[in-house]
Structure formats: C-alpha cells, structure tokens
Visitor: 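The structure follows.
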Amino acid sequence: MDDARRDRLIAMLPKAELHLHIEGSLEPEMLFALAERNNVRIPFATVEEVRAAYAFSNLQDFLDIYYQGMAVLLKEQDFFDLTFAYLERAYADNVRHVEIFFDPQGHTERGVAFDTAIGGILRALKAGQAQFGISHRLILCFLRHLDEAAAFATLAEAEPWLDQIAGVGLDSSEVGHPPSKFARVFAAARAKGLKLVAHAGEEGPPDYVWEALDQLHVDRIDHGNRALEDERLVQRIIADGQTLTVCPLSNLKLCVIDRIDDSPVRTMLARGIRATVNSDDPAYFGGYVNANFRAVAKALDLDSAQLVQLAENSFSGSFLPDPEKAAHIAAVHAVAAAG
Ligand code: ADE
Ligand code: ZN
C-alpha cells in the first residue's frame, strides 16, 4: 500500500484512545497562555525554546519536564481548557472513544485541590461528548514514585467522584517502583468496583509485567514492550486476552526503542497479542494518535488488515460495554470494506 492510501485509511478508521495522560497533552502554546493567565513563571522564553527542551534520553528526563509543565494548571478552567483541546485533536483524528489518565497527586502535591482538577477534566469530557459525540472513561493514576500511604490518601479523596471514575492506573518512574508496592491499594480499588491498569514493561523488566498481572490483577497493561523478552509471559498475555496499550512515538522519544522500526506493534499483532496504538503524552512526543499510526504503519509496512486490527483492538480492549464495542467494531469494518 502506498503511503497516501495508508494515511487515508488511518484517517478514516474510527478509533479509541486508551493510553493518554491528559497532562501530557499540554501543548507549548497553552503552556505559555496559562502561564500568563495565572502569573506563573516558566523557564522558557519562546515556544521554540520549549520544544528544544523536549529532547529526552529516558523516562525520568521526560517526567522532570512533565511535572514542571503542570505548574501552570491551577484553576478548574485550566483543566477544562486542557482537556477540551485534547478532545478537539482527538475528534480531528476520528477518535470516537477516549480512556484518559490524570495524575491527581501531581496537582494536590502543589496545593491544587483534587476537586479542581477532576471537576475541570470531567466538565470538558461531558462537553466533548455533547459536541463531538466522543464517549469517555476517566482513569485516576497513582504516582508510583510516591508511597502506598499517599496512594491510599488519593483513593480516599476520589471517594465522592467514584461514580465518574472508571478505574485506577499506575504511572511515573517505573524502575525501582514495582507494581507489588501498590498491591493493597489496587485491591482496595478493585473492591470499590474500579477497573485496574498499570504501566509495566516500559523501562521495567518483564517481572514487573508479571507482578501487574499476578499481584495487581490488572485489566489492561500500559506499554508492556518488555513482555516480549519472556516467552512464558507472552503466552500468559495471549491466554488472558490482555490488551497492551503501546505508544510508538513515546517509545522513540524516551529511548525505549532506538528507531521507530523497532516498535513491537507488528510482532505483537503477529503473535496474537491484542496490541493498540496510542499517543501517551502527545504534546511532548510529537504527535496524536493518527501520527502514531502513520509512523508505525510506514516503518513496519503495516497492511490494511493490520491497521483495521489495531482499530478493532482499540475498541475490544476498551472498558465500553459489549454492545457499544460491537457497534464501533462494525463501523471499523464498514470503513475497511468501503476503502
Ligand atoms: N506519566 C506520563 N507519561 C508517562 C509514561 N510514558 N510512563 C510513565 N509515567 C508517565
Ligand atoms: Zn503513559
């Protein structure tokens, strides 16, 4: 398939995005606008300077800048604007459903109330549903570099909002903070009826993916790249029908892979793993979901059947009820048949 035809198919396919940190969608232009609106000093003079600072050699390099960027998010309206801007981008990419992460501890730690952050995010998600017809789930992530007590305190703060939170996740600095550290808080979240996801195998070893499965009992694995190093683990992921939310441009920018050609997406599909393509922190990594699809499709020479499979996986791996999954998947196949 030539590039133009492939890119047209990518643009036309309905998709869900399952791995997106809303704070990672803060574009440099909005960073400046909010800094000015809220009188926050930022250590950059121009948008170009900001983009030049987005050269990372590992996950921690990125996280340092990511947490710094959050400093401009102070008011409910800031969280609304951030989330609504992401939904506009998602709509342009034909994303029909989003399951987005937020990092409340990144806000409460600097004195912004939990309710301020979640209130603005949820208001925008509802506006996005009304205006663009994009359905949503919100996932609260615990910062794994903080301790178990802090995660429990965050879960307690979330209590009044639990009817609007679909699940909990685990993100931030992976190595040295294994999933087992959060086994009890994940059990508590499960007891409240929440879905469970965790970043595992991005930089951390396959053992962390095992822990996410066996100790956290996750419903989905975020990234999971390094699972491919362990054949028994691959078999377990396939047997469980686990979804992996892969983020190709993120992997490249954070040096999880050396070249986009090394993205594990094609291998995962060939092995029968339910892999999906996502943007992670698109403002920092150079592209939203379609840009991620285009990058891997070109580098790995994916054919239309593989692209359709990825779009289908994004819905089958979502937390939507089965009839809604089926309707979206039928729409994916209708586009495939027409193309
Ligand atoms: N927080 C935001 N993006 C992240 C990533 N890719 N890995 C871990 N924590 C994150
Ligand atoms: Zn992530």
Side-chain angles (χ1 to χ4, degrees), residues 16 18-23 97-109 113-119 121-122 125-126 135-174 176-202 204 207-224 227 233 236-237 239-245 274 276 316-325:
L18 306 181
H19 185 154
L20 181 284
H21 302 263
I22 198 60
E23 297 89 345
H97 175 70
V98 297
E99 301 195 352
I100 70 170
F101 303 131
F102 79 123
D103 283 334
Q105 291 161 294
H107 311 302
T108 53
E109 279 221 313
F114 184 98
D115 294 5
T116 301
I118 195 170
I121 294 168
L122 284 170
L125 287 171
K126 286 169 197 156
S135 54
H136 59 265
R137 296 288 184 277
L138 181 60
I139 298 174
L140 179 166
C141 278
F142 300 117
L143 298 182
R144 68 203 303 160
H145 66 274
L146 301 179
D147 63 17
E148 184 198 43
F152 267 113
T154 302
L155 187 59
E157 281 188 287
E159 195 72 44
W161 300 91
L162 286 188
D163 60 332
Q164 297 180 83
I165 296 174
V168 298
L170 188 62
D171 66 0
S172 193
S173 321
E174 186 181 10
H177 303 284
S180 50
K181 180 175 163 186
F182 297 94
R184 291 189 299 193
V185 72
F186 268 61
R190 170 156 298 247
K192 293 178 189 297
L194 294 164
K195 295 285 189 189
L196 309 177
V197 301
H199 283 54
E202 181 184 20
D207 271 1
Y208 284 22
V209 181
W210 281 111
E211 284 190 13
L213 294 172
D214 289 336
Q215 298 195 40
L216 302 188
H217 306 288
V218 292
D219 298 292
R220 197 159 71 206
I221 302 270
D222 294 314
H223 296 295
L233 179 55
R236 167 70 183 279
I237 286 167
D240 285 5
Q242 279 284 351
T243 301
L244 267 47
T245 63
R274 193 194 277 145
T276 62
S316 57
S318 76
F319 295 139
L320 285 169
D322 286 343
E324 285 183 49
K325 287 184 185 180

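Being a predicted model, the structure only gives us computed values, none of them experimental.
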Visitor: Do Arg144 and Ser172 get their side chains close enough for a donor-acceptor pair, meaning under 3.5 Å?
Guide: no

Visitor: Would you check, one step at a time, whether the test side chain to side chain contact (heavy atoms under 4.5 Å, CB included) holds for Trp161 with Leu122?
Guide: CA-CA 10 Å; Trp161 300 91; Leu122 284 170; 3.7 Å; yes

Visitor: Between Arg190 and Asp219, does any side-chain N to carboxylate O distance fall below 4.0 Å?
Guide: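 Result for this pair is yes, salt bridge flagged.
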
Visitor: Nearest 0.5 Å please: distance from the CG atom of Asp240 over to the CD1 atom of Ile221.
Guide: 9.5 Å

Visitor: Give me the atom names and distance for the closest heavy-atom approach of Leu155 to Ala189.
Guide: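 In terms of heavy atoms, the two residues are closest at CD2-N, 4.0 Å.
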
Visitor: Return yes if some donor-acceptor pair links the side-chain N/O of Lys325 with the main-chain N/O of Ser316 below 3.5 Å, else return no.
Guide: yes

Visitor: Please check this pair: side chain of Glu211 against backbone of Ser180, looking for a donor-acceptor N/O pair closer than 3.5 Å.
Guide: yes

Visitor: So which heavy atom on Thr108 is nearest to which on Phe114, and how close?
Guide: CG2-N, 3.7 Å

Visitor: First locate atom CG of Leu244, then atom NE2 of His223, and finally report the distance between them rounded to the nearest 0.5 Å.
Guide: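 Spacing of CG (Leu244) from NE2 (His223) equals 10.5 Å.
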
Visitor: Supply the atom-to-atom distance His19 NE2 to Arg220 CZ, rounded to the nearest 0.5 angstrom.
Guide: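 Reported to 0.5 Å precision, the distance equals 10.0 Å.
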
Visitor: CZ of Arg184 to CG of Leu216: how many Å apart, nearest 0.5 Å?
Guide: 13.0 Å

Visitor: So, the side chain of Glu99 versus the backbone of Phe319: is there a donor-acceptor pair under 3.5 Å, distance only?
Guide: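 Side chain of Glu99 to backbone of Phe319: a pair is present.
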
Visitor: For Leu320, is there any backbone N or O sitting under 3.5 Å from a side-chain donor or acceptor partner on Arg137?
Guide: no

Visitor: Between the side chain of Glu23 and the main-chain N/O of Asp103, is any donor-acceptor distance below 3.5 Å?
Guide: yes

Visitor: Of all the heavy-atom pairs spanning Ala200 and Tyr208, show the shortest one and how long it is.
Guide: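 Looks like CB-O, 3.9 Å.
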
Visitor: So, for His199 and Phe101, is the gap between ring centers shorter than 6.0 Å?
Guide: yes

Visitor: Would you check if Leu125 and Val98 make a side-chain contact, meaning some heavy-atom pair closer than 4.5 Å?
Guide: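 Yes, at least one pair of side-chain atoms sits under 4.5 Å.
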
Visitor: Under 3.5 Å, side chain of Lys181 to main-chain N/O of Gly176, donor-acceptor pair present?
Guide: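 Answer holds: no.
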
Visitor: Where is the tightest heavy-atom contact between Leu194 and Ile165, given as atom of each residue plus distance?
Guide: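 Smallest heavy-atom distance, with atoms named: CD2-O, 3.2 Å.
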
Visitor: Is the shortest heavy-atom distance from the side chain of Pro104 to the side chain of Ile118 under 4.5 Å?
Guide: no

Visitor: Please give me the minimum heavy-atom distance between Gln164 and Leu138, naming the atom from each residue.
Guide: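 The pair with the smallest heavy-atom distance is O-CB, 3.9 Å.
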
Visitor: Can you give me the closest heavy-atom contact between Leu170 and Pro179, atom names plus distance?
Guide: CD2-CA, 4.0 Å

Visitor: Looking at side-chain heavy atoms only, is the closest gap between Leu213 and Leu233 below 4.5 Å?
Guide: yes

Visitor: From Ser135 OG over to His97 NE2, what is the distance, rounded to the nearest 0.5 angstrom?
Guide: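 Reported value, rounded in 0.5 Å steps: 5.0 Å.
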
Visitor: For Ile139 and Ile100, what are the C-alpha separation, side-chain angles and deciding distance, and is it a side chain to side chain contact (heavy atoms under 4.5 Å, CB included)?
Guide: CA-CA 6 Å; Ile139 298 174; Ile100 70 170; over 6 Å; no

Visitor: Checking Glu174 side chain against Glu202 main chain: does a donor-acceptor pair fall under 3.5 Å?
Guide: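 The answer is yes, because a donor-acceptor pair under 3.5 Å joins these two groups.
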
Visitor: Out of curiosity, His107 NE2 to Phe102 CZ, how far, rounded to the nearest 0.5 Å?
Guide: 7.5 Å

